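Order of listing sets the numbers, starting from 1, for every ligand and every atom in it. Residue indices begin at 1 and follow the sequence shown. In this text, all values refer to a predicted model and were calculated from it rather than measured experimentally.
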Amino acid sequence: MTMFTLKRALLTAARIKQCRFFSASQNNWNNRKGLVLGVYEKEGETDSFDLTTAARSLDDAVSGKLSELLKISGPALKKGKNRIFYGLHEDFPCVAVVGLGKNNAGVCGSENWDTGKENIRAALSAGCRLLQDLEVSHVEVEACGDAQAAAEGAVLGLFQYDLLKTKKKTKVTTQLHGSDDVAGWEKGILYGEGQNLARLLMEGPANLITPTAFADTIEEKLAPYSERVTVHKRYVQSWIVEQQMGAFLSVSKGSEEPPVFLELHYNGSPDKTQAPLLLVGKGITFDSGGISLKPPSGMDAMRADMGGAATVCAALVTAVALKLPINIIGLAPLCENMPSGKASKPGDVVTAKNGKTIQVDNTDAEGRLVLADALCYAHTFSPRAIVNAATLTGAMDVALGSAATGVFSNSDWLWERLHQASVVTGDRVWRMPLFQHYTRQVTDSQLADLNNVGSSRSGGACTAAAFLREFVTAPHWAHLDIAGVMGNKDEVPYLRKGMSGRPTRTLVEFAARLAQEA
Ligand code: BES
Ligand code: ZN
Ligand code: ZN
């Protein structure tokens, strides 16, 4: 009799003795524990596999039963494929085994990401979701050699926006299995939760996630860290007027919902005088297009037009939770873009904080207006660098789709750091041009210094970036157009369908790396 069969026999005896207890607990699916393990594809062999260290130790504990089952239950698990085994181990009634692809995949030069980390995220996300769908409420997850990527995969994979549904997904708690890299695991949990916070805000309907509700949510998230973070919620219209933010005001005035200018100060650096990193996010909680009304099809997605604000605020919350030794200021101009008797009309001229006049020929190009004022305000803090994120143009989606965030930057130094961070997170960025060619198209205005739309329809993401540049004097600025990565259908395998929260983890990783440079 093997150890395993002996244990099972003892367990059966115990079950008979405690019959009432066991029948109750067996029926209670929600108390079941699961385990997610990985397998690699064997180098050079098509139909064979290599177990990870954790999978091997479980295999040893069950006398080779795991590898035996893997062999007889179908073809060797390819990357992203999975299988579930029941009753394999007494501690884990359900074991999900997931394909990790090739071992030591590493950074791929052409893909611009770390394939090994991406494989781990995808595999563990799939394993956790499989167990969640089986209503397993506690899942142990193996690190697969990278506890941070494993935690990110688990946390991102399990997220589902079901707040407003009667029937909810099983709440799953996760735990690291068979590794002592607790620090890596906890870091991954915070990175994943950061992105999930952005997803929560982006997915939420616009009648619930108003500018005020958005600011309240972020304030609540930061409340436990009040000794290191200050939250200014500028509810009052008079503050915006006082600041001479005429462009922001012109967008907000079409709505009944009051605008909010959210300003977050995180003092994480031991050097109190360290110049801050400025993160600025477009916060249009609903973009109807205004008087230049959008067509109805797909307009609901414009509830996520505050994705820039959501990702930068979530990145700041995560930086605080990670206690990054850096000073960061987060700015989010929050308002709705609505048509009404008070709304801006095509041809109106408004004045931004820096005194530049803008002819608003298309009220649907509102993101650049709210950002223009926020960027001017960002300069008042003598920043080390300014990074803004915005779901700015449909043209960005046409250009790159959801493969990468488009980055327009006046600084090679800043671009390189954002790029390096994105290779690690797998939430990629791709550099886009800031040619004078595009600037000429937005400075061509009949009535004002600038026009809020380019004179040509071509290169829409580039003309929008050229417009923003007119409000930047800082030497290190980057504009991230995140319109293409706003939602996920099935392109990112470790995210369920819905608003993506991208590129929160890249912003966090960028800040973490910058903190090390101080
Ligand atoms: N919020 C939109 C851009 C957008 C489109 C984001 C699709 C995510 C998905 C933005 O305010 C907008 O409407 N831009 C216009 C600009 C145009 C009028 C110059 C666009 O892209 O069509
Ligand atoms: Zn718009
Ligand atoms: Zn918009």
> With hydrogens left out, which residues have an atom under 4.0 Å from ligand 1, given that only heavy atoms count?
Replying inline: K282, D287, K294, M302, D305, N362, D364, E366, R368, T391, L392, T393, G394, V453, A483, M486

> Between atom CG of N488 and atom CZ of R496, what is the distance when rounded to the nearest 0.5 Å?
Replying inline: 12.0 Å

>> Return the CG to CG distance between L331 and D373, rounded to the nearest 0.5 Å.
In response: 11.5 Å

>> Check this for me: does any side-chain nitrogen of one of D146 and K117 sit under 4.0 Å from a carboxylate oxygen of the other?
In response: yes

>> Under a plain distance cut-off of 3.5 Å, with no hydrogens placed, do Y191 and E509 share a side-chain donor-acceptor pair?
In response: yes

> With under 30° as parallel and over 60° as perpendicular, where do the rings of H476 and W413 fit, or are they tilted in between?
Replying inline: tilted

>> Using a cut-off of 2.8 Å, how many protein N, O or S atoms sit around the Zn ion (ligand 2)?
In response: 4

> For N410, what residues pass the side chain to side chain donor-acceptor pair (under 3.5 Å) criterion, not counting sequence neighbours?
Replying inline: none

>> Check this for me, if you would: do D412 and R431 make a salt bridge, where the nitrogen-to-carboxylate-oxygen distance has to be below 4.0 angstrom?
In response: yes

> How would you list all residue pairs meeting ring-ring contact (aromatic ring centres under 6.0 Å, His included) that involve residues 240-261, not counting sequence neighbours?
Replying inline: W239-F261, F261-Y377

>> Can you confirm whether W415 is buried at CH2, in the sense that more than 12 heavy atoms of other residues, nucleotides or ligands lie under 6.0 Å from that atom?
In response: yes

>> Check K169 with D162, please: is the shortest side-chain N to carboxylate O separation under 4.0 Å?
In response: no

>> Under 2.8 Å from the Zn ion (ligand 3) - does any N, O or S atom of K282 fall there?
In response: yes

